[in-house]
Amino acid sequence: MTSWPTPVPLTWLYVPGDRPEVVTKALASGADVVIVDLEDAVAPDRKAYARAATAELLSAPPPVPVHVRVNALTTPEAEQDLKTLSPLPGLAALRLPKITSPSDVAAVAERTAPAEGGAIPLYALLESALGVERAYDIATAHPALRGIALGEADLRADLAVQHDPALDWSRSRVIVAARAAGLPSPAQSIYPDTKDLDGLATSSAHGRTLGFLGRAAIHPRQLPVIERAYAPTPQEVESAEETLKAATTTPGAQALPDGRFIDPAVVAAAHRTLTLASRPTRH
């Protein structure tokens, strides 16, 4: 399996696996990660073609990391997806939809473990009330698991809710579960209206306050909005630099002249801010 440079990803672009020309454009879109979808975005009679096209794409390393969302593990298509794609050198990770238990993750990890270079990184998508309820158990299911995230469209249907604030509890639960398990902060779920960029910006700003880091997209026009929403502002960068300078000059807890209090947690947050600020800007 190929290793890619690992700046902190903020943009994750979904593309349908049965449209190779769209996948090619996605690879040049500036997204940090491209997610080829073999599940919901592909009609049943196109599954085999999507799998074959994706296998051709991943026969050599693509220019950016490519994750593949396989079909639900309860379907016959999933076994074919795993068998066909797991050995390929261009595969960066597998995304597992509709996960409801740790055993789902463990089964795939064991199934794909013989891959050259180590276990294939896995990401679990929690798309039901049961998945959210078991978020921490799923997040700690196997060392190959590198992240968890919400699938909000299916979750809305399962919870029978329409208004966006009704999902905030589930969002927070998944964020806390990921961090408690030592996983990265999850990326926010997609914003379904590709033309409402103001709504996307507002929603992304809210997601950032909850603790998400970055966001999935379904159209390239959404990428710069997401990047701006999640990248540190100049004011945040300046504050982080001041914090680290003060911490270096006078180690230990202290109060700055402007009233800000510095302790190890604040210093760690400042380091995270500057790490994000140093990532290449793609848009």
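Keep in mind that what you see is a predicted model, and the values were worked out from it rather than measured. Only heavy atoms go into these numbers, but all of them, side chains included; no hydrogens, no water, no symmetry mates.
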Original post:
Are Val267 and Leu244 close enough, and set up right, to give a side chain to side chain contact (heavy atoms under 4.5 Å, CB included), and what steps lead you there?
Top reply: CA-CA 6 Å; Val267 172; Leu244 294 185; 3.7 Å; yes

**OP:** Could you give me the CA-CA distance, side-chain angles and deciding distance for Leu276 and Leu213, then say whether side chain to side chain contact (heavy atoms under 4.5 Å, CB included) is met?
**Re:** CA-CA 10 Å; Leu276 274 176; Leu213 181 60; 3.8 Å; yes

**OP:** Go through the steps to decide whether Glu127 and Asp158 satisfy the test side chain to side chain contact (heavy atoms under 4.5 Å, CB included), and finish with yes or no.
**Re:** CA-CA 8 Å; Glu127 306 183 62; Asp158 194 28; over 6 Å; no

Subject >> Residue pair Leu38, Leu85: steps toward the side chain to side chain contact (heavy atoms under 4.5 Å, CB included) verdict >> reply: CA-CA 11 Å; Leu38 302 183; Leu85 302 176; 3.7 Å; yes

**OP:** Begin with the C-alpha distance, continue with both residues' side-chain angles, and end with the deciding distance and a verdict on salt bridge (charged side-chain N to carboxylate O under 4.0 Å, His left out) for Glu227 and Arg215.
**Re:** CA-CA 8 Å; Glu227 193 167 69; Arg215 187 166 200 171; over 6 Å; no

**OP:** Please lay out, stage by stage, how Arg51 and Asp18 fare under the test salt bridge (charged side-chain N to carboxylate O under 4.0 Å, His left out).
**Re:** CA-CA 8 Å; Arg51 185 185 307 115; Asp18 63 339; over 6 Å; no

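The backbone N or O of Thr100 lies less than 3.5 Å from a partner atom in the side chain of Arg134, making a donor-acceptor pair. Ser204 contributes a side-chain N or O that, together with a main-chain N or O of Leu200, makes up a donor-acceptor pair within less than 3.5 Å. Looking only at distances, no side-chain donor or acceptor of Gln80 sits under 3.5 Å from a matching main-chain atom of Pro76. With Ser239 contributing its side chain and Gln235 its backbone, the two residues share no donor-acceptor pair below 3.5 Å. When atom types are taken as modelled, the side chain of His163 and the backbone of Pro165 share no donor-acceptor pair closer than 3.5 angstrom. Side chain of Gln188 to main chain of Ser203: a donor-acceptor pair is present (N/O by atom type, distance under 3.5 Å, no hydrogens or angles). A donor-acceptor distance shorter than 3.5 angstrom exists from the side chain of Asp104 to the backbone of Ser101, with no hydrogens or angles considered. The backbone N or O of Thr275 sits less than 3.5 Å from a side-chain atom of Ser278, completing a donor-acceptor pair. Judged by distance alone, the side chain of Thr84 and the main-chain N or O of Asp81 form no donor-acceptor pair under 3.5 Å. Judged by distance alone, with hydrogens and angles left aside, the side-chain atoms of Glu236 form a donor-acceptor pair with the main-chain N or O of Thr233 at under 3.5 Å.
In Glu56, the CD atom is not crowded: 12 or fewer heavy atoms of neighbouring residues, nucleotides or ligands sit closer than 6.0 Å. Surrounding CD of Glu21 are more than 12 heavy atoms belonging to other residues, nucleotides or ligands, all under 6.0 Å away.
When all heavy atoms of Ile148 and Ala177 are compared, the pair lying nearest together is CD1-CB, 4.2 Å. Considering all non-hydrogen atoms of both residues, Ile226 and Leu10 come closest at CG2-O, 3.5 Å. Of all the heavy atoms in Ala129 and Leu159, the pair that sits closest is CB-CD2, 3.9 Å. For the residue pair Ser86 and Leu91, the shortest heavy atom distance occurs at CA-CD2, 4.1 Å. In plain terms, the two heavy atoms of Ala181 and Thr140 that are nearest each other are CB-CG2, 3.6 Å. Of all heavy-atom pairs spanning Pro87 and Leu82, the tightest one is CD-O, 4.4 Å.
Connection of Leu197 to Ile218 is not established within any shared hydrophobic cluster, with ILVMFWY side chains joined at heavy-atom distances below 4.5 Å, either directly or through further cluster members. Phe212 and Tyr191 fall within a single hydrophobic cluster, where Ile, Leu, Val, Met, Phe, Trp and Tyr side chains are chained together by heavy-atom contacts under 4.5 Å. Hydrophobic clustering keeps Leu57 apart from Tyr49 (ILVMFWY residues linked when any side-chain heavy atoms are closer than 4.5 Å, directly or through intermediates). One hydrophobic cluster, built from ILVMFWY side chains closer than 4.5 Å, holds both Leu223 and Val66. Tracing side-chain contacts under 4.5 Å through hydrophobic residues (I, L, V, M, F, W, Y), one never reaches Val176 starting from Leu130; they form parts of separate clusters.
Atom-to-atom distance recorded for Glu133:CD and Leu126:CG is 11.5 Å, nearest 0.5 angstrom. Rounded to the nearest 0.5 angstrom, Arg19 CZ and Thr24 OG1 are separated by 11.5 Å. With rounding to the nearest 0.5 angstrom, the CG atom of Leu183 is 13.0 Å from the CD1 atom of Ile175. With values rounded to the nearest 0.5 angstrom, Asp196 atom CG is found 8.0 Å from Thr202 atom OG1. Atom CG in Leu210 sits 11.5 Å away from atom OG in Ser185 (nearest 0.5 Å).
Counting heavy atoms from C-beta outward, Pro89 and Leu58 have side chains that stay 4.5 Å or more apart. Residues Leu122 and His142 form no side-chain contact, since every pair of their non-hydrogen atoms from C-beta on lies 4.5 Å or further apart. Looking only at side-chain heavy atoms (C-beta outward), Leu150 and Leu155 come within less than 4.5 Å of each other. Side-chain contact between Leu13 and Val33 is absent, with no heavy-atom pair separated by less than 4.5 Å. Looking at heavy atoms from C-beta onward, Tyr14 lies in side-chain contact with Ile190 at the 4.5 angstrom threshold. Side-chain contact between Val108 and Ile120 is absent, with no heavy atoms from C-beta onward closer than 4.5 Å. The shortest distance between side-chain heavy atoms of Lys83 and Arg111 falls below 4.5 Å. Residues Ile35 and Val15 are not in side-chain contact: their nearest non-hydrogen atoms beyond the backbone lie 4.5 Å or more apart.
Contact check on Asp168 versus Arg171 returns a salt bridge, with a Lys/Arg side-chain nitrogen under 4.0 Å from an Asp/Glu carboxylate oxygen. A salt bridge does not link Arg95 with Glu39: every distance from a Lys NZ or Arg NE/NH1/NH2 to an Asp or Glu carboxylate oxygen is 4.0 Å or more. A salt bridge links Lys98 with Asp40: at least one charged nitrogen is closer than 4.0 Å to a carboxylate oxygen.
Asp32 and Thr11 share a side-chain donor-acceptor pair at under 3.5 Å.
Test Lys47, Arg46, Arg69 against Asp37 for salt bridge (charged side-chain N to carboxylate O under 4.0 Å, His left out) and you get one pass: Arg69.
Using cut-offs of 30° and 60° on the angle between ring planes, the pair Tyr123 and Trp12 is perpendicular.
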